[in-house]
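Here is the structure we will look at, set down as structure tokens.
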Number of protein chains: 2
Amino acid sequence: MNIANPYSSNCPTRKVLDRVADKWAVLVLGLLIEGPIRFNRLRRAVEGISQKMLSQTLKSLERDGLVSRKAFATVPVTVEYAITPLGQTLAATLDALRVWAETHMEEVTANQQRYDAGAKSDA
Amino acid sequence: MNIANPYSSNCPTRKVLDRVADKWAVLVLGLLIEGPIRFNRLRRAVEGISQKMLSQTLKSLERDGLVSRKAFATVPVTVEYAITPLGQTLAATLDALRVWAETHMEEVTANQQRYDAGAKSDA
DNA sequence: TTACCTGGTTACCTCAAGGAAACCACCATG
DNA sequence: CATGGTGGTTTCCTTGAGGTAACCAGGTAA
């Protein structure tokens, strides 16, 4: 009965999960909740993202209806990306994740070091 | 002063985000919140995961201190994985994500189809 | 005229994630 | 004796994600 059982390999939620489990998408959505923003500004804001990946990320976010694209016929064409209501619901959820990461980062790092040290001294 | 600014490329939260942005980890943690579970049971539960990936996923979850491993010297060695308190806090957050996926899956899929149809008929 | 901004797309190439399958030890059961 | 179940590890190989960089159109400023 679980048409939506992510543990079944052909379940569509897996795809959504994959979508969401995308570092760049998480970061882009995180910026967009603060307001609409242009392509190149976005690119500069998200350190390390390539033009290609940003374009790709935005395209699939738009396809999913999570962000909207609006082009302005200005001097050099201006394109503004904004988050949709649906996107906002996801962004809120993802933000919780970012917060978790920020909150527990130290603890996780400490755990890793302890683990690595232990593995080394193990027989 | 944001030492924890995920938009900076060298920020450690990026690593945590990567860790968390792992389909298998999400699914495994989702199962572990229901209680301790053995390796092979886990493998059968998570459809499509390979032995290697499960082993790898569990190892890094253990390294992060998100799950704990306990081996029993039974007839065939039994190994039980359990979620840690830290892991539970993450699992709760991730669960929200899974719920989001389940809830909005249909809407997202519909958006995709509309987008694809539009792109086709566009000049 | 040349250079640069806008926002992209495309071709090329590399590198690593991850699947498949074999191998491991050990014991029980058929 | 051979097979199967326990929980893994390792090797090999493929494939696709993603980086780099060139190219595009069009207008404007130097």
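Quick note: numbers below take in every heavy atom, side chains included, and nothing from hydrogens, waters or symmetry partners. Convention: sequence-line order gives letters A, B, ...; per-chain numbering from 1. Since the structure is predicted, the reported quantities are computational estimates derived from the model, not experimental observations.
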Establish, with yes or no, whether the OP1 or OP2 oxygen of [N] is under 4.0 angstrom from a side-chain nitrogen or oxygen of [X].
{"X": "B:S50", "N": "C:dG18", "value": "no"}
{"X": "A:R38", "N": "C:dC5", "value": "no"}
{"X": "A:R44", "N": "C:dT6", "value": "yes"}
{"X": "B:R43", "N": "D:dG7", "value": "no"}

Heavy atoms, side chains only, cut-off 4.5 Å: are A:L27 and A:I49 in contact?
->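 Side chain of A:L27 against side chain of A:I49, heavy atoms only: no contact under 4.5 Å found.
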Please state how far atom [atom1] in [X] lies from atom [atom2] in [N], giving the value in whole angstrom units.
{"X": "A:Q56", "N": "C:dT9", "atom1": "CD", "atom2": "P", "value": "10 Å"}
{"X": "A:M53", "N": "D:dG19", "atom1": "CE", "atom2": "C1'", "value": "10 Å"}
{"X": "A:I49", "N": "D:dG19", "atom1": "CD1", "atom2": "P", "value": "8 Å"}
{"X": "A:F39", "N": "C:dT6", "atom1": "CZ", "atom2": "C1'", "value": "10 Å"}
{"X": "A:L54", "N": "D:dG19", "atom1": "CG", "atom2": "P", "value": "11 Å"}
{"X": "A:Y81", "N": "C:dG7", "atom1": "OH", "atom2": "P", "value": "9 Å"}
{"X": "B:Q51", "N": "C:dG18", "atom1": "CD", "atom2": "C1'", "value": "14 Å"}
{"X": "A:E47", "N": "D:dG19", "atom1": "CD", "atom2": "P", "value": "14 Å"}

So, does [X] use its side chain to make a donor-acceptor pair with the main chain of [Y] at under 3.5 Å?
{"X": "B:Y7", "Y": "A:L31", "answer": "yes"}
{"X": "B:S55", "Y": "B:Q51", "answer": "no"}
{"X": "A:T84", "Y": "A:G65", "answer": "yes"}

Under 4.0 Å between any heavy atoms, over every strand shown, what does B:K59 touch: base, sugar-phosphate, or nothing? Just pick one.
->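 B:K59: backbone/sugar contact only, no base atoms under 4.0 Å.
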Counting only non-hydrogen atoms, which of residues 70-79 of chain A are less than 4.0 Å from DNA chain C?
->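 A:P76, A:V77, A:V79, in order of number.
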Indicate, with yes or no, if A:L90 and B:V99 share a hydrophobic cluster defined by side-chain heavy-atom contacts under 4.5 Å among Ile, Leu, Val, Met, Phe, Trp and Tyr.
->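 Unlinked, B:V99 and A:L90 end up in two clusters.
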Contact summary for A:L54 and A:V28, nearest pair of heavy atoms =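 Closest approach of A:L54 to A:V28, heavy atoms only: CD1-CG2, 4.0 Å.
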From D:dT20, D:dT10, C:dG7, nucleotide with atom closest to A:K52 side chain |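 Of the candidates, D:dT20 comes closest.
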With rounding to the nearest 0.5 Å, note down the distance linking NZ in A:K59 to CD in A:Q56.
->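 Result: 7.5 Å between the selected atoms.
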